[in-house]
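Below: one structure, written as structure tokens.
Hydrogens, waters and symmetry mates are skipped; everything else that's a heavy atom, side chains included, is used.
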Amino acid sequence: MDNKKNGIPKLRFPGFTGAWEQRKLGEVATFSKGTGYSKQDLENDGTPIILYGRMYTNYELVIHSVNTFTTAKEKSIYSNGGEVIVPASGETAEDISVASVVEQANVLLGGDLNIIHTNKNVEPVFLALSITNGEPHKDMAKRAQGKSVVHLHNSDLAQIKLSYPSKDEQKKIDSYFLKFDSLIALHQRKLEHLQEQKKGLLQKMFPKNGEVVPEVRFPGFTDAWEQRKLGEVTEINPSSEIPDNFEYVDLESVVGTEMIAYRRENKETAPSRAQRLAKKGDIFYQTVRPYQKNNYHFNLMRKDFVFSTGYAQLRPNINGDFLFVYIQLNNFVNEVLNRSTGTSYPAISPSNLMKIKIAIPTNSEQEKIGKFFKQLDSLITLHQRKLEHLELMKKGLLQQMFV
């Protein structure tokens, strides 16, 4: 028997039994609409205001604070605290099928926001969770109308079917997911801090344009860095004899910057595109739209493999970890773009790529810098995986704890 069809979720907190009640949203809530403000009305200070765009760019289950301001107009709509807001328009039906709770009173609610006021039977946070993650989300997406811009009206919201348990169970669910969101936010802040730390160190640990020493160095290093062309310190697209049987990798399917997965291929079953043999330590540089920085360093490989791609294959004769960091620098990417051709899909030829000058220190300093950033990248990847795991865990729990 499918408990969900009978109004019972798969997973519940101890002590709660019985089916959830089902009503149309219009039976347990009333509705209003925000008033017309736009981005052009925003100012550095004034009355706090929420515009519908925040629901896409900075989504929060509960909006605790507001950092956008404006000068209030007559007949504006203010929050009392506890309202549930839903975008009234957006690019896709999925975009506008989300909800947040406005915690503070006296916040202006801008136009293109549907405002839901729940009655005593439904907790605002529970409703926002249901709209964003539960069956009401699918129902709302089906009711959204429009093509290039989709719209959702309060009259549509009133017809949404909502299942809800007792107030005590709602509060238990609310508290649990608010704590879960706090944990996710903590890991997100840690990840962003590490990414910002790396960004700052990249600027300080490599010489600026026209300079021969970086601002920050490891102790014991004082020599000026040497200017060399990329083609002088690496071999590009090295030619190798492809064996009859090999491991084949499509770079477009690679996740992360270091490749460790393979699949068996042979000459008869391998893709017919141009193929090259790659070795441990090779670097693959994205030559089409190089500003995206989708580059890979294959230094965890167990054996050689064959790849088929439009990337430039670099085989460095300097420290590979150092070079991999260097090609991520904004100065390097800007120089690549200056030498690229095309508009929609700018690309650089291998010959032009090899002409770009880079600054390199002694071998021992290269090794020190390369190892440092490799460890930092590993730490960033660890936090990314933790964050992804928490988000997947939350998604799974929401599916089991809601009817």
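If you take CD1 on Ile50 and CD1 on Ile63, they are separated by 4.0 Å, rounding to the nearest 0.5 Å. A distance of 14.0 Å separates CD of Glu123 from NZ of Lys172, quoted to the nearest 0.5 Å. To the nearest 0.5 Å, atom CD1 of residue Ile369 and atom CZ of residue Phe221 are 8.0 Å apart. Of the inter-residue distances, the one linking Ile348 atom CD1 with Tyr285 atom OH reads 7.0 Å to the nearest 0.5 angstrom. If you take CD1 on Ile131 and CG on Leu157, they are separated by 6.5 Å, rounding to the nearest 0.5 Å. Within the model, atoms OG of Ser89 and CD of Gln145 stand 13.0 Å from one another, a figure rounded to the nearest 0.5 Å.
Counting heavy atoms of neighbouring residues, nucleotides and ligands inside a 6.0 Å radius, atom NZ of Lys167 exceeds 12 of them. Shown here is Asn317, whose CG atom has more than 12 heavy atoms of other residues, nucleotides or ligands within 6.0 Å. In the displayed structure, Glu367 atom CD is contacted under 6.0 Å by at most 12 heavy atoms of other residues, nucleotides or ligands. Heavy atoms of other residues, nucleotides or ligands lying less than 6.0 angstrom from NZ of Lys199 number 12 at most. When the shell of 6.0 Å around CD of Glu211 is examined, it contains more than 12 heavy atoms from other residues, nucleotides or ligands. In the displayed structure, His193 atom NE2 is contacted under 6.0 Å by at most 12 heavy atoms of other residues, nucleotides or ligands.
A donor-acceptor distance shorter than 3.5 angstrom exists from the side chain of Asn338 to the backbone of Asn334, with no hydrogens or angles considered. The closest donor-acceptor contact from the side chain of Glu365 to the backbone of Thr362 lies at 3.5 Å or more, if one exists at all. Between the side chain of Gln366 and the main chain of Pro361, a donor-acceptor pair closer than 3.5 Å is present. Judged purely by atom type and a 3.5 angstrom limit, Ser378 uses its side chain to pair as donor or acceptor with the backbone of Lys374. Not a single donor-acceptor pair under 3.5 Å links the side chain of Glu21 to the backbone N or O of Ser163. The closest donor-acceptor contact from the side chain of Thr234 to the backbone of Arg315 lies under 3.5 Å. Between the side chain of His117 and the backbone N or O of Phe31, no donor-acceptor pair lies under 3.5 Å. Although no hydrogens or angles enter the test, the distance criterion places a donor-acceptor pair under 3.5 Å between the side chain of Glu83 and the main chain of Gly81. Asp174 places a side-chain N or O within 3.5 Å of a backbone atom of Phe126 that can act as its donor or acceptor partner.
The pair Arg12-Glu169 meets the salt-bridge criterion, with a side-chain N (NZ, NE, NH1 or NH2) lying under 4.0 Å from an Asp/Glu carboxylate O. A salt bridge links Arg339 to Glu335: at least one charged side-chain nitrogen sits closer than 4.0 Å to a carboxylate oxygen. One finds no salt bridge joining Glu391 and Lys394 here, because no Lys/Arg side-chain nitrogen approaches an Asp/Glu carboxylate oxygen to under 4.0 Å.
For the pair Val28 and Thr118, the minimum side-chain heavy-atom distance is 4.5 Å or more. The side-chain heavy atoms of Asp41 and Ile49, taken from C-beta on, include no pair separated by under 4.5 Å. Using a 4.5 Å heavy-atom cutoff, the side chains of Leu51 and Leu42 are in contact. Counting only heavy atoms from C-beta outward, the side chains of Gln170 and Pro165 approach each other to under 4.5 Å. Considering only heavy atoms from C-beta on, Tyr164 stays 4.5 Å or farther from Ser130 through its side chain. The shortest side-chain heavy-atom distance between Arg23 and Leu162 does not fall under the 4.5 Å cut-off. Contact check for Leu108 versus Phe69: no side-chain heavy atoms found under the 4.5 Å cut-off. Between Leu152 and Arg143, some side-chain heavy-atom pair lies under the 4.5 Å cut-off.
Residues Tyr78 and Ala72 come closest through the heavy atom pair OH-CB, 3.3 Å. Shortest non-hydrogen contact noted between Ile380 and Lys198 is CD1-CD, 4.0 Å. Listed here is the closest heavy atom pair of Ser97 and Ala141: OG-N, 3.3 Å. Here the shortest heavy-atom pairing between Ala99 and Val84 reads CB-CG1, 3.7 Å. A pairwise comparison of heavy atoms in Pro316 and Gly281 identifies CD-O, 3.8 Å as the closest pair. Taking all atoms of both residues into account, the shortest heavy-atom contact from Ala312 to Thr287 is CB-CG2, 3.6 Å.
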Please lay out, stage by stage, how Glu60 and Glu103 fare under the test side-chain contact (heavy atoms from CB on, under 4.5 Å). CA-CA 11 Å; Glu60 298 169 282; Glu103 184 178 63; over 6 Å; no
Apply side-chain contact (heavy atoms from CB on, under 4.5 Å) to the pair Met354 and Leu314, showing each step before the final yes or no. CA-CA 10 Å; Met354 291 297 97; Leu314 308 178; 3.6 Å; yes
Should Gln384 and Glu388 be marked as a side-chain hydrogen bond (donor to acceptor under 3.5 Å, both in side chains) after you check the CA-CA gap, both sets of side-chain angles, and the distance that decides it? CA-CA 6 Å; Gln384 286 174 329; Glu388 290 166 2; over 6 Å; no
Let's go through Lys138 and Glu135 carefully: what are the C-alpha distance in whole Å and the side-chain angles of both, what is the deciding distance for salt bridge (charged side-chain N to carboxylate O under 4.0 Å, His left out) to 0.1 Å, and is it a yes or a no? CA-CA 5 Å; Lys138 299 175 185 177; Glu135 286 301 313; 3.4 Å; yes
Can Thr132 and Tyr59 be said to form a side-chain hydrogen bond (donor to acceptor under 3.5 Å, both in side chains), step by step? CA-CA 11 Å; Thr132 307; Tyr59 173 76; 3.2 Å; yes
Before you tell me yes or no, could you show the steps for Asp321 and Phe372 under side-chain contact (heavy atoms from CB on, under 4.5 Å), namely the whole-Å CA-CA distance, both residues' side-chain angles and the distance that decides it to 0.1 Å? CA-CA 9 Å; Asp321 292 326; Phe372 173 80; over 6 Å; no
Kindly determine whether Met393 and Leu397 satisfy side-chain contact (heavy atoms from CB on, under 4.5 Å), including the steps that lead there. CA-CA 6 Å; Met393 187 176 173; Leu397 288 167; 4.2 Å; yes
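Classified by interplanar angle (parallel below 30°, tilted 30° to 60°, perpendicular above 60°), the ring pair Tyr326/Phe332 is perpendicular. Under the 30°/60° scheme for interplanar angles, the aromatic rings of Phe177 and Phe402 are found to be tilted. Relative ring orientation between Phe206 and Phe373 is described as tilted, the plane-to-plane angle lying within the 30° to 60° band.
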